[in-house]
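Shown next, in structure tokens, is the structure this report addresses.
FYI, the numbering just counts along the sequence from 1.
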Amino acid sequence: MRKTKGWFVCLFALVFFMGMVTAGFAAKQEAAPETQDTKTYFGHHVDGLEPVTIIYNSDSPNNTGGDASAMNFKALVEAESKGKIKIDLHRFGSLYKQLDIPRTLPIGTIHFGNINKGLLMSRETGYGPWIIAYIWKSPEHLLSVVTSPEWYEMENELAKGKWNLKPLVNTTIGNWDYWSKTPMNSLKDFGGKKVWTYGELASAYIGAWGGTPVMKSTGEMYMAYYKGTLNVISFTVAGYLSYKFFDAGKYWLHMPTYPPGAVGMHYNQDYMNLDKWKSLPTAYKKIILDALDLLTWWGTWEGIQMEKLAAHRLINQHGVVDCGISTNYPEEYEKIKKAAVEAGKKYVFKRGVTQQQWDNAQAILEKYADPKYNSKYSWYFKQAWAGADQRLKDVEKKIKAGQSWDEACGVYEAKHRVNQTAEEIKARCLSVPRIKWNWNYETRLQ
């Protein structure tokens, strides 16, 4: 009897021990990566606070991702503030175009908008070292730099000094690439080509490659490209699809501005007029930051997945040929990147950037290129790319079942998100992984 009892006690202890080990292992397996954002959103008290109105200008076209983001921001902020924050949203550039925002936002004509930071160099040359293309080592490098404390300190100081702006959150744009009317696979192929440019910095890159930069508005691009006034243009993969540029040129050079598989998070920012920001109660500021953070990480997740789907559609639906410079001719891609960075450096120094500013930026860029930082973000891209693969499989399955491309891809279009309720938006945004900003929260609120 004693032996049986002793055996039972030992067996129970062993089972208990194994259970604890298994539970501990499971808990370890389920623990969020250290760079994942797990904070609680909203729930800020607004009772007793006075109502405010924030004038928001968006020039995103109807039913695009940018338009959906603007509408979602309005819905979230108004709902979470119990209607005490009114977002006076002007869509489709009906109030001002993007080029007007750096003029109207600092003086308070409008209170909120998105700005391309290249436009801010006209007063603050300090932006120069940060906006040059082809400086990123990997998709993870972009995240490790942009989420760093040094990055936000730089943003905050540059924005308030000469622009009277408060940087609120980085916003995601697709990976800009180059597209051609003829096949190209090397740096020398740019020789004599007329290449669309969006400004002086891009023109510096093009000149370094041997091309001739030609400035055209977005509205003029299609016909110029179609008729051959432009031989090569630059656009995101998703944009090339939505603007139907594939009718004019069938060759995707595949020499992205950021490493393949990445999205840009360093070039565009949501800003508020600094005086308006300072006038807001802390609870209102927290609501605005919560809404923007959720929407930025949703946009990043969605951007990665839609870029892959757009590339698949361009090749398989519209006959675009992937020239594969970055994938099939890596030595040429390195030449292209090196030439662009050197040309960009000459340009920003010409604009007034000092050696000290350049060195300070390079030190931070090099610091966060270290694998000990980058490896902390690999989980995000693995999940995002896996999601993109799953989305692609879903589309292919529907097409095999007899649906058209538009029918199969339609469920993923931004237009379905434009008029969602605040609860629907929150549920959607909270359903995807988010990266933690390593920014001082108190500084964000100042």
Side-chain angles (χ1 to χ4, degrees), residues 61-69 72 139 172-181 183 185 222 225-226 233 235-256 258-263 297-329 378-420 424-425 427-433:
N62 188 27
N63 287 331
T64 61
D67 183 37
S69 182
N72 290 177
T172 306
I173 57 174
N175 205 336
W176 281 74
D177 211 314
Y178 282 82
W179 312 79
S180 175
K181 296 180 72 67
N185 56 35
Y222 181 89
Y225 191 34
Y226 190 84
I233 70 168
F235 228 84
T236 64
V237 180
Y240 203 78
L241 174 67
S242 62
Y243 280 84
K244 301 184 185 299
F245 285 127
F246 51 78
D247 286 333
K250 293 291 187 183
Y251 296 93
W252 175 21
L253 300 193
H254 210 149
M255 43 170 279
Y258 329 119
V263 288
W297 292 117
W298 165 264
T300 305
W301 182 264
E302 190 69 6
I304 291 171
Q305 302 196 37
M306 289 305 287
E307 287 282 295
K308 185 162 190 174
L309 183 56
H312 183 79
R313 291 189 70 176
L314 285 168
I315 293 168
N316 294 280
Q317 182 185 2
H318 299 292
V320 170
V321 178
D322 179 3
C323 293
I325 291 179
S326 64
T327 52
N328 298 328
Y329 307 95
S378 297
W379 66 270
Y380 182 81
F381 284 101
K382 286 178 181 177
Q383 291 188 31
W385 293 334
D389 289 338
Q390 187 57 48
R391 185 172 295 193
L392 195 54
K393 288 179 182 177
D394 175 60
V395 167
E396 290 175 334
K397 182 179 178 181
K398 290 176 179 176
I399 290 173
K400 287 180 180 178
Q403 290 190 14
S404 68
W405 281 96
D406 289 341
E407 288 172 332
C409 300
V411 67
Y412 300 114
E413 293 179 358
K415 66 182 181 181
H416 301 301
R417 305 194 301 272
V418 171
N419 293 309
Q420 288 186 318
E424 289 172 329
I425 297 163
R428 168 167 54 80
C429 290
L430 289 169
S431 70
V432 302

**OP:** Test side-chain contact (heavy atoms from CB on, under 4.5 Å) on Glu396 and Leu392 and set out the steps.
**Re:** CA-CA 6 Å; Glu396 290 175 334; Leu392 195 54; 4.3 Å; yes

Original post:
So do Tyr178 and Ile325 actually touch side chain to side chain, heavy atoms under 4.5 Å?
Top reply: no

Original post:
What's the shortest heavy-atom distance between Pro256 and Ser326, and which atoms?
Top reply: CD-OG, 3.8 Å

Original post:
Once you round to the nearest 0.5 Å, how far does CD1 of Ile399 lie from CH2 of Trp405?
Top reply: 3.5 Å

**OP:** Verify, without hydrogens or angle tests, whether Lys181 (side chain) and Tyr225 (backbone) share a donor-acceptor contact under 3.5 angstrom.
**Re:** yes

Subject >> Non-hydrogen side-chain atoms of Leu241 and Phe246 separated by less than 4.5 Å >> reply: yes

Original post:
Taking it one step at a time, do Val395 and Arg313 satisfy side-chain contact (heavy atoms from CB on, under 4.5 Å)?
Top reply: CA-CA 10 Å; Val395 167; Arg313 291 189 70 176; over 6 Å; no

**OP:** Report, as yes or no, whether the 6.0 Å neighbourhood of atom OH on Tyr243 holds more than 12 heavy atoms from other residues, nucleotides or ligands.
**Re:** no

Original post:
Between the side chain of Trp179 and the main-chain N/O of Phe235, is any donor-acceptor distance below 3.5 Å?
Top reply: yes

**OP:** Return the minimal non-hydrogen interatomic distance between Trp298 and Cys429, and the atom names on each side.
**Re:** CB-SG, 3.8 Å

**OP:** Report yes if the side chains of Phe245 and Val320 come closer than 4.5 Å at any heavy-atom pair, otherwise no.
**Re:** no

Original post:
What are the two closest non-hydrogen atoms of Met255 and Asp177, and how far apart are they?
Top reply: N-OD1, 2.8 Å

**OP:** Determine yes or no for a side-chain-to-main-chain donor-acceptor pair under 3.5 angstrom, with His318 supplying the side chain and Asp247 the backbone.
**Re:** no

Subject >> Residues Lys415, Asp67: salt bridge by 4.0 Å N-O rule >> reply: no

Original post:
Side chain of Asn175, backbone of Pro259: donor and acceptor closer than 3.5 Å?
Top reply: yes

Original post:
Any Lys/Arg nitrogen of Lys393 or Asp389 sitting under 4.0 Å from an Asp/Glu carboxylate oxygen of the other?
Top reply: no

**OP:** Check the side chains of Asp394 and Tyr412 for a donor-acceptor pair under 3.5 angstrom, ignoring hydrogens and angles.
**Re:** yes

Subject >> Where Trp379 and Pro433 come nearest, the two heavy atoms and their spacing >> reply: CZ3-CB, 3.6 Å

Original post:
Hey, what do you get for CD1 (Ile425) to CG (Leu430), rounding to the nearest 0.5 Å?
Top reply: 11.5 Å

**OP:** Kindly compute the distance separating NE2 (His416) from CZ (Arg428), expressed to the nearest 0.5 Å.
**Re:** 12.0 Å

Original post:
Between Asn72 and Arg417, is there a donor-acceptor pair closer than 3.5 Å when you use the side chain of the first and the backbone of the second?
Top reply: yes

Subject >> Pairwise distance CH2(Trp301) to CD(Gln383) - rounded to 0.5 angstrom >> reply: 5.0 Å

**OP:** Give the intermediate values and the outcome of side-chain contact (heavy atoms from CB on, under 4.5 Å) for residues Tyr329 and His254.
**Re:** CA-CA 10 Å; Tyr329 307 95; His254 210 149; over 6 Å; no

Subject >> For Gly174 against Tyr258, the heavy-atom pair lying closest together >> reply: O-CE1, 3.7 Å

Subject >> From Cys409 atom SG to Met306 atom CE, the distance as rounded to the nearest 0.5 Å >> reply: 7.0 Å

Original post:
Rounded to the nearest 0.5 Å, how far does CD1 of Ile315 lie from CG of Asp322?
Top reply: 5.0 Å

Original post:
Can you check whether Leu314 reaches Trp252 side chain to side chain, under 4.5 Å on heavy atoms?
Top reply: no

**OP:** Using a 4.5 Å cut-off on heavy atoms from C-beta on, say whether the side chain of Asn185 contacts that of Asn328.
**Re:** no

Subject >> Short side-chain to backbone donor-acceptor contact, Glu307 and Gly261, under 3.5 Å >> reply: no

